[in-house]
Amino acid sequence: MKTKLIDHYIAKQILMMILVVLLVLSGLDSVFTLISELDNLAPHYHASQAMIFVLASTPSTLYEFIPVATLIGCLLALGNLANNSELIVMRAAGISVFGIIGRVLKPVIGLVIVSLLAGQFLIPLTEHFAQSYRELKLGGGSVFRVKHGNWQRQGDEFIHIDTIAPNGVIHGITRYRFSGEQLQEMSFSKQAQFSGKEWLMENQQRYELNNSRVEIHQWPQAVWRSQLTPEILELVVLKPEHLSITGLYRYADYMQQQGLRYLPYLLAFWKKVSQPLATLVMVLVAASFIFGPLRSVTMGLRMMVGLMAGLCFKYLQEFLSFASIVFNIQPWVASLVPIMIFAVLGFWLLRRVK
């Protein structure tokens, strides 16, 4: 009974503090994102629509901050227990340092499972809605004026798509067909719907370049057969870090088959796969700090150390991510090296605890 009470008490303290830190970090990030979006306001993209975009992007922001929030939250929660001499009482009751760490890990494992499910199912949906909503609003309901889009390549054809709506309809499709280095044909369609095997293009205009002549053709509706499906194009809309784990793997494989740059997507895949391990390692690092050098310091100092350690972890991950692309290092190596460094640091500090 006493063990269950201690487990429940520690879990409550850990989860509450992680949640508070997570809300603070994501809130600050959302404010800065909103300020940045205000620079992009357009006649059909107002401040209220920018706020909708930021709110829809909040789940992905929460997901990205989970490892850092776990580190800072565990530092603060365990620090409070240390300041109140509760850790001393637990150890006097026969609970070892690793026994306390095991009790801290239990609620964090639950958080990791929830984050995995959110990263696989929820975040791709909310981020897809956010990005599509922003692009369509910036275009003022007419995707011809959308500035940004996505490029794809299939064989000798290069395809530019302005955006894809959550219902699978793609808008602003421009296709360029080459023969060697010579442009042979260009076509543009306002939008297209997938019929199951092919795309039905609406209001297609085609320009064929024959020697010194340009032939112009126009059809109310045309058929486009392509390997691109709504499922693949939905992946194109999102940045790699916002895709699901399975979506990243599928799209990296598709990009590799097309001879395109697939390493950023494979790298994002390994970062997502290794994030649960990174979150658990953050618990180890936090505990090693509390039982070691940060045993009797102020909460402000603990928060500062947590932020510094979290930023070091994040920047090391980013540095190795870029290095893996430039120097052709295996993506799984770039993802796991920062985790292993922090795990070794945590175990080394714990070994010094008397």
Side-chain angles (χ1 to χ4, degrees), residues 22-65 118-119 121-153 158-176 186-194 199-205 224 226 228-244 247-248 251 264-265 268 318:
L22 199 56
L23 291 176
V24 170
L25 292 177
S26 63
L28 289 172
D29 185 83
S30 297
V31 169
F32 290 133
T33 302
L34 179 59
I35 292 173
S36 176
E37 282 299 305
L38 294 179
D39 292 334
N40 298 320
L41 296 184
H44 298 277
Y45 186 59
H46 305 141
S48 59
Q49 280 133 4
M51 290 183 67
I52 293 174
F53 164 73
V54 171
L55 288 174
S57 302
T58 299
S60 63
T61 305
L62 291 169
Y63 178 82
E64 291 172 8
F65 278 120
F121 301 107
L122 175 64
I123 291 171
L125 293 177
T126 57
E127 194 64 26
H128 184 196
F129 169 79
Q131 296 297 331
S132 299
Y133 178 84
R134 179 180 183 273
E135 293 295 322
L136 289 173
K137 291 299 180 181
L138 281 172
S142 174
V143 293
F144 298 116
R145 294 195 294 272
V146 175
K147 296 179 181 179
H148 308 290
N150 301 281
W151 285 95
Q152 293 292 307
R153 176 189 172 189
F158 292 83
I159 306 143
H160 181 270
I161 298 172
D162 284 342
T163 190
I164 175 170
N167 60 3
V169 177
I170 55 178
H171 299 268
I173 310 101
T174 308
R175 297 158 54 201
Y176 304 89
M186 182 182 73
S187 64
F188 176 80
S189 300
K190 181 178 180 181
Q191 68 179 39
Q193 291 184 329
F194 195 65
W199 291 94
L200 301 179
M201 319 285 281
E202 296 184 10
N203 300 322
Q204 185 181 76
Q205 297 177 357
W224 176 37
S226 172
L228 294 171
T229 62
E231 290 76 20
I232 291 177
L233 289 176
E234 285 176 0
L235 304 179
V236 174
V237 173
L238 304 178
K239 295 179 180 178
E241 58 268 23
H242 297 145
L243 294 173
S244 65
L248 278 168
Y251 194 60
Y265 292 90
E318 295 298 324

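Counting all heavy atoms, side chain and backbone alike, A50 lies closest to L41 at CB-CD2, 4.4 Å. Across A56 and A130, no two heavy atoms sit closer than the pair CB-CB, 3.6 Å.
Under the 4.5 Å side-chain criterion, counting only non-hydrogen atoms from C-beta, Q204 is not in contact with W224. A 4.5 Å side-chain heavy-atom check between F53 and Q131 finds at least one atom pair inside the cut-off. Between D29 and T33 there is a side-chain heavy-atom pair separated by less than 4.5 Å. Taking the side chain as every heavy atom from C-beta outward, W199 and Q193 never approach each other to under 4.5 Å. Side-chain contact between Q152 and L228: present, with at least one pair of heavy atoms (C-beta onward) separated by less than 4.5 Å.
Rounded to the nearest 0.5 angstrom, L243 CG and I123 CD1 are separated by 11.0 Å. Note that CD1 of I52 and CZ of F129 are 6.5 Å apart. Values are rounded to the nearest 0.5 Å. Taken to the nearest 0.5 Å, the OG1 atom of T61 stands 11.5 Å off from the CG atom of L28. Rounded to the nearest 0.5 Å, atoms CD (Q205) and OG (S187) are 10.0 Å apart. S26 OG to E64 CD: the interatomic distance, rounded to the nearest 0.5 Å, is 11.0 Å. Here the CD1-NE2 distance, from I164 to H128, works out to 5.5 Å after rounding to the nearest 0.5 Å.
A donor-acceptor contact shorter than 3.5 Å links the side chain of Q49 to the backbone of H46. With hydrogens and angles ignored, the 3.5 Å screen pairs no side-chain donor or acceptor of S189 with any backbone N or O of Q191.
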*For the pair E37 and M51, evaluate side chain to side chain contact (heavy atoms under 4.5 Å, CB included) and give the outcome as yes or no after the intermediate values.*
CA-CA 9 Å; E37 282 299 305; M51 290 183 67; over 6 Å; no
*Is there a side chain to side chain contact (heavy atoms under 4.5 Å, CB included) between F194 and T229 once you walk through the steps?*
CA-CA 7 Å; F194 195 65; T229 62; 4.3 Å; yes
*Under the side chain to side chain contact (heavy atoms under 4.5 Å, CB included) rule, what do M201 and I173 come out as? Steps first, then yes or no, please.*
CA-CA 9 Å; M201 319 285 281; I173 310 101; 4.0 Å; yes
_Verdict with reasoning, S30 to T58, per side chain to side chain contact (heavy atoms under 4.5 Å, CB included)_ = CA-CA 7 Å; S30 297; T58 299; 4.0 Å; yes
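A ring-centre distance under 6.0 Å is found for Y251 and Y265.
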